[in-house]
Amino acid sequence: MADLLDQLALVDWLPEETLFSLASRLHHFWGMPLARQTCSALFMHPQQGSQHDLPSRLATFVSQTNGRYGTVVELARARTLLSYYLPFKTEQEVEAAVASMAASNVAHLKLRLGILTSRFRAHHPLKACPHCIQEDVERHGWSYWHLPHQFPGVWVCLKHMCRLHVSSLKATGVGRFHWVLPRQSGLRMMGGQDDLVAVDPDDAALGLARLITDITTRVKQGGCATNVLSQVYRARLAELGWMRAGASLRWPEISESYCGYVRALVGCSDVPEDMQDQGRVVIQLGRMLRSARSGTHPLRHHLIIHWLFKDFAAFADAVRRHSGRATFASDEERMSKASSKCGLEFDVRQRLLRELLSTDGYTLTGAARTIGIDVATAMAWAAKMGISVSGFRRPKKLKHDQRLQALVMLRHGSEKSEVAKAVGVSTQTVTRLLLTEVGLHEEWRNAKLLLQRDRCRATWSSLVANYGSAGAKILRAMEPAVFAWLYRNDRDWLSANKPLVNRKPGGERRVDWDSRDRTLSQDVRVVADRLGQSRPGELIKLWQVYQELPELKAKLSALDRLPLTRKVLEDLISTRRKMAANSLV
């Protein structure tokens, strides 16, 4: 493996390339017969790190490649799909996402980013432009995955003005741990078309792709704050004459216009079908206009922005008028900021610090000087690694009695500002104590978690006791932050303390299963026929069907509500059995 890693200088970044694409090129360059061998070399694990959208173990990748391809923060923000979410996320939210990607577990990252609860697809299919593939091979000797092509809502190549093709790998679990590069034979057009489709300059999908790319690359992190966006949207609706004198909205005109806009987005498979239903659109837009909503998928904002403003320039001007601050920055400014924010816990120099402190003759001060960091930083790193730094405390900053009082308060979960005020020191001194006392920071976080849990449980129990008959949806709306915290951190208790409501029969059905069944069963027939024509005489497997039709996989657990789809699949399976039996005769 060491010999392979020595060859990293021979493979460098290509323009707009994703981290997954770079790792895939290294896999092919090395000629590895198995995907897990490349994954182990780069990520020190046979599978983790192979995600094509939001990969894990970035800290290990940086360490294994000696930082040649950038820091953890640079990789996460500029070479993965996290860049797509930056304009709509706060610094704290992004730091938490980077921390997840640096570590070995990104299981809940898509939930925290608002992807799983958005009603948009969460599988992020790999996409490529056939013209780009040909040009990349001629110019660079490689085909590779371009990051802007992977953004949700982007289904048009802005360079060649043609629709993107989608890969059937990675998105549905097929080849989920493989390292793949785009190739013509492995891509297909959405809707089953095989020819290249040129895009008209006025095509709505082209305009949406251009807007999404502009926002992602030109808006500062957090620049699209949801409270500002709601004001911008309402102001624009007023300009368009869709607001009455009393500030109420003209929903019939608004919903008709929005549904017409969504229907014009030909080829954008990310957009759910229910966004063409005027009744549901009123509810969805109402939520976006009434107040700031955290965890909303950026594509929901992108659609509204493109519908109302058409292009980035008009939107940027509206945001400047309402926010009164610089919201948009160049790529160089964003990358400079990302580089300066590299978190300490991801720095590969921590390993060197541990090795030096375990070597005779090295003091903490000497080790810090050797690595090129200050002593305070070395103390914090050492404490995090479980190495005692008691010999380097500064008594003049925090006397013995003050320190004992501060330790007691912190171990009970008190806020740092409260501790600082109680013992008569600065908040910075309390922070230093947290970071340099072995195990204290973890104890403090656990204590705060228990306090927060008790507060949320008490609030929810009070709501259930007083308003339980209103139902869980109403209670959730009354205390959304409490519900969200319990759902993420104390779900078993929340499930055991749901309000009991006697529902009357005959209520309105939330999902039109009959319509969904008819559409899905027809789509399955079309895919099965296409597979049968392309593979005459071969058995058609179920995974091949949902590889071509990703939305089918999510419905397999609900086939009791989809009898037509079940019948089509059963017929397909029966046909497979008959073909297999005939082949044995």
Side-chain angles (χ1 to χ4, degrees), residues 1-14 17-70 72 75-76 79-81 100-107 109-110 123-128 133 136-137 140-147 150 165-188 348 535 538-539 541-548 550 553:
M1 291 298 180
D3 294 338
L4 295 176
L5 294 174
D6 288 340
Q7 302 173 14
L8 294 176
L10 300 176
V11 178
D12 209 346
W13 289 115
L14 297 175
E17 187 172 23
T18 68
L19 176 59
F20 172 78
S21 177
L22 176 73
S24 296
R25 288 200 295 123
L26 286 170
H27 174 72
H28 288 77
F29 177 73
W30 288 335
M32 290 287 196
L34 300 175
R36 65 171 178 266
Q37 293 175 305
T38 298
C39 201
S40 296
L42 295 175
F43 298 95
M44 298 291 287
H45 192 278
Q47 295 175 342
Q48 292 178 5
S50 62
Q51 301 94 333
H52 65 284
D53 48 5
L54 299 167
S56 59
R57 301 182 75 89
L58 296 190
T60 304
F61 177 87
V62 171
S63 176
Q64 288 294 97
T65 58
N66 293 320
R68 172 176 178 80
Y69 297 112
V72 169
L75 292 174
R79 298 293 181 175
T80 75
L81 269 186
S100 295
M101 296 171 70
S104 59
N105 191 350
V106 290
L109 180 56
K110 288 188 176 181
H123 63 264
H124 295 145
L126 284 166
K127 296 174 285 184
I133 293 176
D136 292 340
V137 171
H140 305 291
W142 292 94
S143 64
Y144 66 96
W145 303 107
H146 292 246
L147 182 60
Q150 314 311 317
H165 287 46
V166 63
S167 171
S168 55
L169 295 174
K170 302 285 284 187
T172 61
V174 178
R176 60 181 299 193
F177 301 119
H178 291 182
W179 301 106
V180 295
L181 293 172
R183 52 190 177 87
Q184 304 284 5
S185 60
L187 300 173
R188 61 179 176 83
V348 295
R535 299 176 174 85
E538 295 184 14
L539 300 180
K541 299 179 177 62
L542 180 60
W543 67 264
Q544 292 175 322
V545 177
Y546 67 68
Q547 183 180 18
E548 295 287 324
K553 187 176 182 181

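For clarity, every value in this text was computed on a predicted model and none was experimentally measured. Residue indices begin at 1 and follow the sequence shown.
Residues Gln64 and Ala41 share a closest heavy-atom pair of NE2-O, 2.9 Å. Taking every heavy atom of both residues into account, Ser100 and Val106 meet most closely at O-CG1, 3.5 Å. Across all non-hydrogen atoms, the minimal contact from Ala76 to Leu58 is CB-CD1, 3.9 Å. Taking every heavy atom of both residues into account, Val72 and Ala59 meet most closely at CG2-CA, 3.6 Å. Taking both residues in full, the closest heavy atoms of Leu187 and Ala128 are given as CD1-CB, 3.8 Å, listed atom of the first, atom of the second, then distance. When every heavy atom of Trp13 is checked against every heavy atom of Leu75, the shortest pair comes out as CZ2-CD2, 3.6 Å.
Rounded to the nearest 0.5 angstrom, Cys39 SG and Met44 CE are separated by 11.5 Å. From Leu14, atom CG reaches atom CG of Leu22 across 8.0 Å, with rounding to the nearest 0.5 Å. For the atom pair CZ of Arg25 and CG of Leu10, the computed distance is 11.0 Å after rounding to the nearest 0.5 Å. We find the CG-OG distance between Leu181 and Ser143 to be 5.0 Å, quoted to the nearest 0.5 Å.
For the pair Thr60 and His45, the minimum side-chain heavy-atom distance is 4.5 Å or more. In this structure, Trp145 and Val180 have side chains that are in contact, with non-hydrogen atoms separated by less than 4.5 Å. Contact check for Leu42 versus Thr65: side-chain heavy atoms found under the 4.5 Å cut-off. The side-chain heavy atoms of Leu126 and Gln150, taken from C-beta on, include a pair separated by under 4.5 Å. Between Val11 and Tyr69, the closest side-chain pair of non-hydrogen atoms falls below 4.5 Å. Counting heavy atoms from C-beta on, the side chains of Met32 and Trp179 never come closer than 4.5 Å. Within the 4.5 Å cutoff, the side chain of His178 has no heavy atoms near those of the His27 side chain. Using a 4.5 Å cut-off on side-chain heavy atoms (C-beta onward), Gln47 and Phe177 make contact.
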Using the side-chain contact (heavy atoms from CB on, under 4.5 Å) rule, take His140 and Glu17 through it: C-alpha gap first, then chi angles, then the decisive distance, then the call.
CA-CA 12 Å; His140 305 291; Glu17 187 172 23; over 6 Å; no

Full working for side-chain contact (heavy atoms from CB on, under 4.5 Å) between Ile133 and Arg183:
CA-CA 7 Å; Ile133 293 176; Arg183 52 190 177 87; 5.8 Å; no

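No option in Gln51, Arg79, Met101 other than Arg79 meets the side-chain contact (heavy atoms from CB on, under 4.5 Å) test with Leu19.
Side-chain N or O atoms of Thr18 include none that pairs as donor or acceptor with a backbone N or O of Thr80 at under 3.5 Å. The closest donor-acceptor contact from the side chain of Arg57 to the backbone of Gln48 lies at 3.5 Å or more, if one exists at all.
Checked against a 6.0 Å centroid threshold, the rings of His146 and Tyr144 count as neighbours.
Crowding of Arg68 atom CZ: a count of heavy atoms from other residues, nucleotides or ligands under 6.0 Å exceeding 12.
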